[in-house]
Amino acid sequence: MVGKRKELIQDGEATLVAYILHEGWMCTYKRLPDGGRQIIDIRLPGDFIGVTSLFSAISDRDIETLTDCVVSEVDKAQLLSGMRASPMLGEAVMWNIARDDAIAAQHLANLGRRSALGRIVYFLLELGARLHDAGKGTSTSYDCPLSQQLLADTLGLTSIHLNRVLRSLREREWLTLNGGVVEFLNPSVLRQLVGFDPSYLTHVSEEF
């Protein structure tokens, strides 16, 4: 068990272990010279965390718990040994890396080209799909411990702008974020609005 707001990996430091997240939420982020930060990704149960940093001299990001978390530590030797012994484990690790890359591509599109409304809707739909796959939410709702400031840091928005757009989404009866719960009131409209297709989050397993 790791408490909330604990740094597991620091930007610029050598990484000795990676983690498997069993319960809780974490984030990866880059700290900026002015003290602000850009959250790169939200990490959810079932994710491998920090794997690529094991193969680099130093980590290129900070990784922090957002809630109380249950994690397992895996060092490089254990990981490589396990992947040699189990093709299924190797496939799972490679899939996790590929999915993280696909998520990063969508976040780049979010920050570079989508409107504030599009960013928020797409990101919340993506979180919902990931949590549903992990058995942590339904097709229309999920618990979300992210504060508005954390959402703003993820989506490149101010808290004021974020709050304004969330209010607009609620008034249109498309989605709500109240009391730490996201609810999609009209999911089909939301998916069509932002062109959300969750296929990049789907793992197609091969037989060995």
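All values below were derived from every heavy atom in this structure, side-chain atoms included, with hydrogens, water molecules and symmetry-related copies excluded.
- The side-chain hydrogen bond (donor to acceptor under 3.5 Å, both in side chains) check on Tyr29 picks up Glu7, with sequence neighbours excluded.
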For residues 110-126, please give each side-chain donor-acceptor pair under 3.5 Å, one per line with the distance, not counting sequence neighbours.
{"unit_1": "Asn110", "atom_1": "OD1", "unit_2": "Arg114", "atom_2": "NH1", "d": "3.0"}
{"unit_1": "Asn110", "atom_1": "ND2", "unit_2": "Arg119", "atom_2": "O", "d": "3.4"}
{"unit_1": "Arg114", "atom_1": "NH1", "unit_2": "Gln106", "atom_2": "O", "d": "3.4"}
{"unit_1": "Arg114", "atom_1": "NH2", "unit_2": "Gln106", "atom_2": "OE1", "d": "3.2"}
{"unit_1": "Ser115", "atom_1": "OG", "unit_2": "Gly118", "atom_2": "N", "d": "3.1"}
{"unit_1": "Arg119", "atom_1": "NE", "unit_2": "Asn110", "atom_2": "O", "d": "3.2"}
{"unit_1": "Arg119", "atom_1": "NE", "unit_2": "Arg114", "atom_2": "O", "d": "3.2"}
{"unit_1": "Arg119", "atom_1": "NH1", "unit_2": "Leu155", "atom_2": "O", "d": "2.7"}
{"unit_1": "Arg119", "atom_1": "NH1", "unit_2": "Gly156", "atom_2": "O", "d": "3.4"}
{"unit_1": "Arg119", "atom_1": "NH2", "unit_2": "Leu111", "atom_2": "O", "d": "3.4"}
{"unit_1": "Tyr122", "atom_1": "OH", "unit_2": "Gln106", "atom_2": "OE1", "d": "3.1"}
{"unit_1": "Tyr122", "atom_1": "OH", "unit_2": "Tyr200", "atom_2": "OH", "d": "3.4"}
{"unit_1": "Glu126", "atom_1": "OE1", "unit_2": "His107", "atom_2": "NE2", "d": "2.9"}
{"unit_1": "Glu126", "atom_1": "OE2", "unit_2": "Tyr200", "atom_2": "OH", "d": "2.6"}

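- Among residue pairs with one or both ends in residues 63-90, those qualifying as salt bridge (Lys or Arg N to Asp or Glu O under 4.0 Å) are Arg37-Glu64; sequence neighbours excluded.
- Residues satisfying the salt bridge (Lys or Arg N to Asp or Glu O under 4.0 Å) criterion with Glu13, sequence neighbours excluded, are absent altogether.
- Residues Val70 make up the rest of the hydrophobic cluster containing Met1, defined by ILVMFWY side-chain heavy atoms closer than 4.5 Å, directly or through other members.
- The stretch residues 175-192 participates, sequence neighbours left out, in no salt bridge (Lys or Arg N to Asp or Glu O under 4.0 Å) pair at all.
- Remark: Asp47 pairs with Arg43, Arg99, Arg130 by the salt bridge (Lys or Arg N to Asp or Glu O under 4.0 Å) rule, at least two apart or across chains.
- Scanning for side-chain hydrogen bond (donor to acceptor under 3.5 Å, both in side chains) contacts around Gln78 gives an empty result, with sequence neighbours left out.
- Taking all atoms of both residues into account, the shortest heavy-atom contact from Leu201 to Trp95 is O-CZ2, 3.3 Å.
- In this view, Lys30 and Asp11 satisfy the salt bridge (Lys or Arg N to Asp or Glu O under 4.0 Å) rule, not counting sequence neighbours.
- Taking Ser81 as the reference, nothing meets the side-chain contact (heavy atoms from CB on, under 4.5 Å) condition, with sequence neighbours excluded.
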List the atom pairs, with distances to 0.1 Å, where a side-chain N or O of residues 164-179 and a protein N or O form a donor-acceptor pair under 3.5 Å, not counting sequence neighbours.
{"unit_1": "Ser168", "atom_1": "OG", "unit_2": "Arg172", "atom_2": "NE", "d": "3.2"}

Review item, side-chain donor-acceptor pairs of residues 49-61, under 3.5 Å, at least two apart:
{"unit_1": "Ser56", "atom_1": "OG", "unit_2": "Thr52", "atom_2": "O", "d": "3.4"}
{"unit_1": "Ser59", "atom_1": "OG", "unit_2": "Arg61", "atom_2": "N", "d": "3.3"}
{"unit_1": "Ser59", "atom_1": "OG", "unit_2": "Arg61", "atom_2": "O", "d": "2.8"}

